[in-house]
2 protein chains.
Amino acid sequence: MGDDHSAARPLRADARRNRERVLQVAQEALASDGLTISFDEIARRAGVGVGTVYRHFPTKEALVEAVLLGRIEGFVADARALSTAEDAGRAFFGWFARVVEQAAPNQALCDMLDAGSGMSLPPGSTLAGDLAAALARLLARAQRVGAVRADLAAQDVHDLLRGCLAAERRALARGGAVRMAEIVCEGMRARTSAPPAAF
Amino acid sequence: MGDDHSAARPLRADARRNRERVLQVAQEALASDGLTISFDEIARRAGVGVGTVYRHFPTKEALVEAVLLGRIEGFVADARALSTAEDAGRAFFGWFARVVEQAAPNQALCDMLDAGSGMSLPPGSTLAGDLAAALARLLARAQRVGAVRADLAAQDVHDLLRGCLAAERRALARGGAVRMAEIVCEGMRARTSAPPAAF
DNA sequence: ATAGAATCGGAGAGCTTTCTCCGTTTGTCT
DNA sequence: AGACAAACGGAGAAAGCTCTCCGATTCTAT
């Protein structure tokens, strides 16, 4: 992967400017339109030729990664930082709500977190695994102190996170309040009293 | 729209056979591959020319409706039937879980319930409104008896349903248990520890 | 100012998808 | 059996997408 950010040779001024501009436009376009936005459309909005976009980002995945990878890394970092927090329950639910709050307004970020639906994390990276591992640790601690239902697996939480994201995104689109995470968290919480059994 | 199911003139035997076959194949293809399945692919799997598929179903929407509309009508009918049930809380949660259970294994049905993501309900029909109204009624009754959080709007429940569907579908894909609906319902349930002050 | 390299822009190749058209085949009716 | 309408099938038009190519342009260094 011949990147161009090293000190090998400084980019020409116009190239640097265009790269920045494309990144900026792609950021906005992906947030509002999701992963399905086309390169032609990004080029048009950025006011450059499509060839220029491809020179800086050889594939669609490369562009998407450049824009979104950092956000997901942020979630992983958050989870790690919280994995030694004093109140394990608070750490788990806080992280969950935080991810939903931050990712919901960004269509492409949601699409990406929804691995399997089209584009997924880069194959060479361990990011998906890192996220899963960090989440699993947070969950395990919260379950150990009895804050979260014991019958939940990390994968279940992952799926609930995706679902919650979908719900929250919709609610956001119609101007609704940000309450989906709270409700789902309530559902994951261990029942302190007798379980209501059946429906 | 010149339909061909009325008694105007009976379909020729081969036409009838092909129509049935296409419907059958489309049913399966939509369930497993979702709304993005192509007509060419359906024609190929049904062993007929693509022209034949288009003769029976003039647009993609027409085919999708022929396959899925009944399912959604079923959900509406269920909701109506339950809207006078004795235990309003049980009725609400039961309906919610039932819809999730039935729709989750069907990719296209989930896609469709997720209105806004691509194809939506037919414009001329009142189905979307009917569904919303039936759900609203179920919800209102369940809230009146204190079974469901009072701060939930019908739209919130609709969004939670979609999110739950997304989560459940994923869980299903990896062979997980059917538990997402239970968790989300738990989250929607009014906390008994702090009763809604009653009347 | 000018040469030369780096970068640009967008036409277009190659693919997929929806949907149309019409020559050919098949069923039906007498 | 034979005639005629109904139905078939698949080539291909139109549109959209990703990605490539290369002549034209713009920057940089001397």
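Every chain is numbered from 1 and lettered A, B, ... according to where its sequence line falls, protein lines coming before strand lines.
At whole-Å resolution of the value, CZ in A/Arg44 and P in D/dC17 are 11 Å apart. The separation between A/Glu41 atom CD and D/dC17 atom P is 8 Å, rounded to whole Å. Atom-to-atom, CZ of A/Phe39 to C1' of C/dA11 comes out at 18 Å; the value is rounded to the nearest Å. Between A/Arg19 atom CZ and C/dC8 atom P there is a gap of 11 Å when expressed in whole angstrom units. Computed from coordinates, the B/Phe57 CZ to C/dT20 P distance equals 16 Å when rounded to whole Å. One interatomic measurement links the two molecules: CD1 of A/Ile42 to C1' of D/dC19, which rounds to 14 Å at whole-angstrom precision.
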- Task: Check step by step if side-chain contact (heavy atoms from CB on, under 4.5 Å) holds for B/Asp156 and A/Met180.
- Result: CA-CA 8 Å; B/Asp156 294 330; A/Met180 302 302 164; 3.7 Å; yes
- Message: Quick one, B/Glu20 with B/Gln24, criterion side chain to side chain donor-acceptor pair (under 3.5 Å). Give me CA distance, side-chain angles, the key distance, then yes/no.
- Response: CA-CA 6 Å; B/Glu20 225 53 41; B/Gln24 165 76 19; over 6 Å; no
- Message: I'd like to compare against my own output: the B/S/- annotation of nucleotides 22-30 of chain D with a strict under-4.0 Å heavy-atom distance to protein.
- Response: ----BSS--
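Checked against D/dC17, D/dA7, C/dC19, the side chain of B/Val50 finds its nearest nucleotide in C/dC19.
Interatomic distance, CZ of A/Arg149 versus CZ of A/Arg191, reported as 7.5 Å (0.5 Å rounding).
Contact annotation for B/Ile37: backbone-only contact, meaning every heavy-atom pair under 4.0 Å involves sugar-phosphate atoms and none involves a base.
The one candidate from A/Leu30, A/Asn106, A/Leu68 that meets the side chain to side chain contact (heavy atoms under 4.5 Å, CB included) condition with A/Met112 is A/Leu68.
For CZ of B/Arg98, the number of neighbouring non-hydrogen atoms (other residues, nucleotides, ligands) closer than 6.0 Å is 12 at most.
One finds no side-chain N or O of B/Thr52 lying less than 4.0 angstrom from the OP1 or OP2 phosphate oxygen of D/dA7. Phosphate contact (OP1/OP2 of D/dA7, side-chain N/O of B/His56, threshold under 4.0 Å): absent. Residue B/Asn18 has no polar side-chain atom (N or O) positioned under 4.0 Å from OP1 or OP2 of D/dA7.
Annotation: of the two residues near DNA chain C, A/Arg16 and A/Asp40, the 5′-most nearest-nucleotide partner is A/Arg16.
In terms of modelled atom types and a separation under 3.5 Å, the side chain of A/Arg162 and the main chain of A/Leu113 share a donor-acceptor contact. Remark: side-chain polar atoms of A/Arg21 are paired, donor with acceptor, to backbone N or O of A/Ala46 under 3.5 angstrom.
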